[in-house]
Amino acid sequence: MDVVIANLPLYLEGFGVTLLLLGVSGLGALVLGTIIAAMRISPIATLRGIATVYTEIIRNTPLTLVVLFAVVIVPLLGARVPFILSGFIALAVYTSPFVAEALRSGINGVPIGQAEAARSLGLGFSQSVALVIFPQAFRMTIPPLINVFIALAKNTSVVGGVGFVSELFGVGRTLANAHGNAVIAILIGVAFFYLVVTVPLGFLATQLERKWVVQR
Amino acid sequence: MSGSSVLFDAPGPRARRLSAILSWVSGVLLLGTVAWGIMVLNAPRESGGITLPGMFDPSRWDIIADPEFWNFVIFTGVWNTLRAALVAAVLAVALGVVLSLLRSSPIGWIRIPTAVLIEFFRGMPVLLMMLFILLVAGTGQYWAVVAALAVYNGALIGEALRAGLVALPRGQREAALSVGMRPLQSKMLVEFPQAFRQMLPIIVAQLVVLLKDTSLGYIVGYQELLRVTLNNLGSFYGNRYLFTLWCVAFILYLAMNLSLSWFARWLGRRGDRRYHPGKAGPAPVDPSQALLLAEANAAARQSENA
């Protein structure tokens with residue numbers, strides 16, 4: 001326990017980097033994922049194809065492999081990128097198809113009768129999407145999206161593990177190597193900081209789910 | 001909402017032409033990007049006065065003709081990955097079944113500690129769990145990877161199964177109780193089998209995640225596919241082959257995961273057909289929103305790789 005308290009500044013520093021990774025790559029994934037989702041439902045066949053293939057490939061690739069590409073292969077090509085930036089990009093790219101799937105499943109969850117009813121009342125495309133479909137899709141989308149972000153918070157540890165970025169996991173590993181006699185306390189300290197992010201988000205998702213799900 | 005064509009009128013000739021043009025333009029743009037990427041990879045570059053050959057230069061790829069190379073990659077790398085994934089998958093499903101039953105127990109003393117336990121395991125990166133088991137339990141890398149994956153995915157499968165139990169129509173339980181079954185009988189004989197079937201595609205998809213997660217063994221030093229290719233063979237053949245080795249690992253992972261994903265999807269379709277034998281449609285007509293959400297959530301959690 002003493003080791004944890006003595007190294008609290010290090011922990012907090014690592015925690016800050018973890019939050020930074022979560023924030024920046026989360027934002028990136030949200031933007032990329034929205035684009036992918038829009039491409040997947042667009043009337044243009046090529047865009048749909050591209051988005052589908054992209055989703056399939058990324059979803060079936062381990063994150064470790066993506067991060068290794070960003071931190072090992074890209075420097076081989078002569079690009080000098082700071083490791084944290086590689087981490088941002090790898091995490092954003094890896095998370096984006098999952099964001100897209102969450103958005104798409106929310107839209108798919110709205111029964112088709114809703115759209116038919118809106119159209120038969122004479123609402124146009126934008127009206128029926130904005131007034132009928134989206135408000136219902138929104139509440140189906142948020143809990144899965146929160147779950148994607150919880151996963152992202154945990155995924156940042158991979159960047160620490162292979163990416164030479166000293167975030168929470170990296171700090172924990174360094175400390176565990178330095179203080180072999182207090183490994184349990186050190187790693188529980190690391191786990192505590194992860195839980196501080198993931199557990200409240202998980203509760204939020206469950207609450208929203210409970211509040212918003214309508215039994216038909 | 002799967003048929004978005006409801007949302008707008010059928011496109012006329014002009015809209016169709018525009019869509020075709022945009023389709024071609026985006027196709028050409030994609031090809032251009034791919035060509036540019038290949039060119040960047042293929043360009044020889046200067047490094048400290050020496051010219052290194054491009055990434056597709058034959059001198060970087062001659063190892064793939066070596067049978068010894070494939071021998072090591074397949075029989076050490078792929079085998080170790082599959083071995084860890086298989087054992088962990090069996091343990092995870094077993095653990096998930098137990099946890100879901102405990103989690104939905106009517107007895108608070110069982111339900112609440114299980115919920116806390118599941119929450120705890122779900123909230124932690126698997127990587128941290130692997131490191132913990134490796135350093136604290138001192139079991140060696142193989143069991144560190146297997147045990148961490150089993151516990152973590154077991155917690156997730158348990159949650160999915162519980163969501164399946166909750167999403168079942170209440171009439172199932174009421175019917176079972178009214179024909180004289182005890183609550184436990186109803187759970188084991190009526191509710192759980194249905195929940196398991198309903199959630200089977202999600203469970204198999206979770207096993208794809210498990211398979212992907214074995215790659216974290218790279219970080220804790222387990223000799224799986226990624227470590228064998230990028231680390232062992234990387235230092236054996238030299239940095240010159242890193243890109244080749246990465247490509248080999250990428251394609252092997254993609255092959256393994258895609259076949260498992262397709263299996264999951266096939267299972268899902270088969271299950272749907274069984275539930276709705278008369279209808280050919282890919283999805284149940286009016287699934288309850290709770291179940292849809294449970295499925296979406298489970299799919300969202302599958303982005304986890306840590």
Side-chain angles (χ1 to χ4, degrees), chain A residues 41 43-47 50 57 60-65 68-69 72-73 76-78 95 98 101-102 105-112 115-116 119 125 128-129 133 140 143-144 147-148 151 154-155 157-158 161-162 169 173 176 183-184 187 190-191 194-195 198-199 202 209 213-216, chain B residues 1-4 6-8 11 19 22-24 26-27 30 40-41 45 47 55 119-120 122-128 131-132 135-136 208 212-213 215-216 218-219 226 230 239 242-243 246 249-250 253-254 257-258 261 286 288-290 292-293 295-297 299-306:
Chain A
I41 56 171
I44 299 162
T46 317
L47 289 184
I50 295 171
I57 289 182
N60 287 292
T61 309
L63 173 61
T64 326
L65 203 62
L68 277 171
F69 185 83
V72 175
I73 305 296
L76 276 188
L77 299 173
T95 313
F98 296 97
E101 283 298 289
S105 70
I107 305 241
N108 280 340
V110 180
I112 195 152
E116 285 166 353
R119 292 287 289 158
F125 172 75
S128 49
V129 167
I133 309 295
M140 293 276 290
N147 279 313
V148 170
K154 292 186 275 177
N155 283 343
S157 67
V158 177
V162 287
F169 180 81
R173 194 167 53 174
V183 172
I184 298 183
L187 292 185
V190 174
Y194 278 111
L195 292 175
T198 54
V199 169
E209 212 169 293
V213 165
V214 190
Q215 287 284 359
R216 276 168 214 282
Chain B
M1 265 311 299
S2 30
S4 52
V6 185
L7 287 176
F8 33 81
S19 147
L22 283 176
S23 207
W24 277 103
S26 53
L30 175 73
V40 167
L41 284 172
R45 67 200 88 250
S47 168
M55 288 296 163
E119 227 29 72
F120 179 73
R122 267 177 43 183
M124 255 204 314
V126 199
L127 189 52
L128 194 62
L131 191 69
F132 190 86
L135 295 182
V136 175
V208 178
K212 285 199 314 187
D213 278 356
S215 69
L216 293 171
Y218 174 87
I219 299 167
L226 205 53
L230 282 180
N239 268 358
L242 268 183
F243 179 72
W246 186 89
F250 177 63
Y253 269 113
L254 219 52
N257 292 327
L258 277 176
S261 299
D286 189 19
S288 79
Q289 231 175 350
L292 266 178
L293 193 57
E295 279 171 359
N297 269 329
R301 288 196 193 104
Q302 271 144 28
S303 63
E304 286 166 45
N305 192 320

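Every heavy atom of this structure was used, including side-chain atoms; hydrogens, water molecules and symmetry mates were not. Naming convention: chains lettered A, B, ... in sequence-line order (proteins, then strands); numbering from 1 in each chain.
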Chemist: Just by modelled atom types, is the B:L127 backbone N or O under 3.5 Å from a matching donor or acceptor in the A:K154 side chain?
Modeler: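 Side chain of A:K154 to backbone of B:L127: no pair is present.
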Chemist: For the pair B:F250 and A:I57, evaluate side chain to side chain contact (heavy atoms under 4.5 Å, CB included) and give the outcome as yes or no after the intermediate values.
Modeler: CA-CA 10 Å; B:F250 177 63; A:I57 289 182; 3.8 Å; yes
Chemist: Nearest 0.5 Å please: distance from the CG atom of A:N147 over to the CZ atom of B:R122.
Modeler: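 The CZ atom of B:R122 is 6.5 Å from CG of A:N147, to the nearest 0.5 Å.
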Chemist: Could you tell me which non-hydrogen atom of B:S23 sits nearest to which non-hydrogen atom of A:I44, and how far apart they are?
Modeler: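 Closest approach of B:S23 to A:I44: CA-CG2, 3.4 Å.
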Chemist: Locate the shortest heavy-atom distance separating B:I219 from A:T64; write the atom from each residue and the value.
Modeler: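 Reported closest heavy-atom pair: CD1-CG2, 4.4 Å.
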Chemist: For residues A:L68 and B:L230, determine if any side-chain heavy atom of one lies less than 4.5 Å from a side-chain heavy atom of the other.
Modeler: yes
Chemist: Not counting sequence neighbours, which residues clear side-chain hydrogen bond (donor to acceptor under 3.5 Å, both in side chains) with B:S26? List them please.
Modeler: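 For B:S26 there are no side-chain hydrogen bond (donor to acceptor under 3.5 Å, both in side chains) partners, ignoring immediate neighbours.
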Chemist: Measure the shortest side-chain to side-chain distance between A:P62 and B:L226 over non-hydrogen atoms and say whether it is less than 4.5 angstrom.
Modeler: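 Answer no - side chains too far apart.
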Chemist: For A:I73 versus B:L242, what's the shortest heavy-atom pair and its separation?
Modeler: CD1-O, 3.9 Å
Chemist: Please classify the contact between A:A191 and chain B as side chain, backbone, both or neither, with a heavy-atom cut-off of under 4.5 Å.
Modeler: both
Chemist: For A:T198, which atoms come within 4.5 Å of any heavy atom of chain B: side chain, backbone, both, or neither?
Modeler: side chain
Chemist: In Å, rounded to the nearest 0.5 Å, how long is the span from CG of A:L187 to CG of B:L131?
Modeler: 5.5 Å
Chemist: Should B:F132 and A:I184 count as side-chain neighbours, where that means a heavy-atom distance under 4.5 Å?
Modeler: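 SC-SC contact between B:F132 and A:I184 confirmed.
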Chemist: Would you mind reporting whether A:L195 and B:F120 have side-chain heavy atoms less than 4.5 Å apart?
Modeler: yes
Chemist: Please name the pair of heavy atoms, one in B:P125 and one in A:S157, separated by the smallest distance, quoted to 0.1 Å.
Modeler: CB-OG, 3.5 Å
Chemist: Taking atom OG1 of A:T61 and atom CG of B:N257, what is their separation to the nearest 0.5 Å?
Modeler: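 If we round to the nearest 0.5 Å, A:T61:OG1 and B:N257:CG are 7.5 Å apart.
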Chemist: For A:L65, does its backbone N or O pair with a side-chain atom of B:W246 as donor and acceptor, under 3.5 Å?
Modeler: yes
Chemist: What residue in B:Y253, B:F243, B:W24 has the most heavy-atom pairs under 4.5 Å with chain A?
Modeler: B:Y253
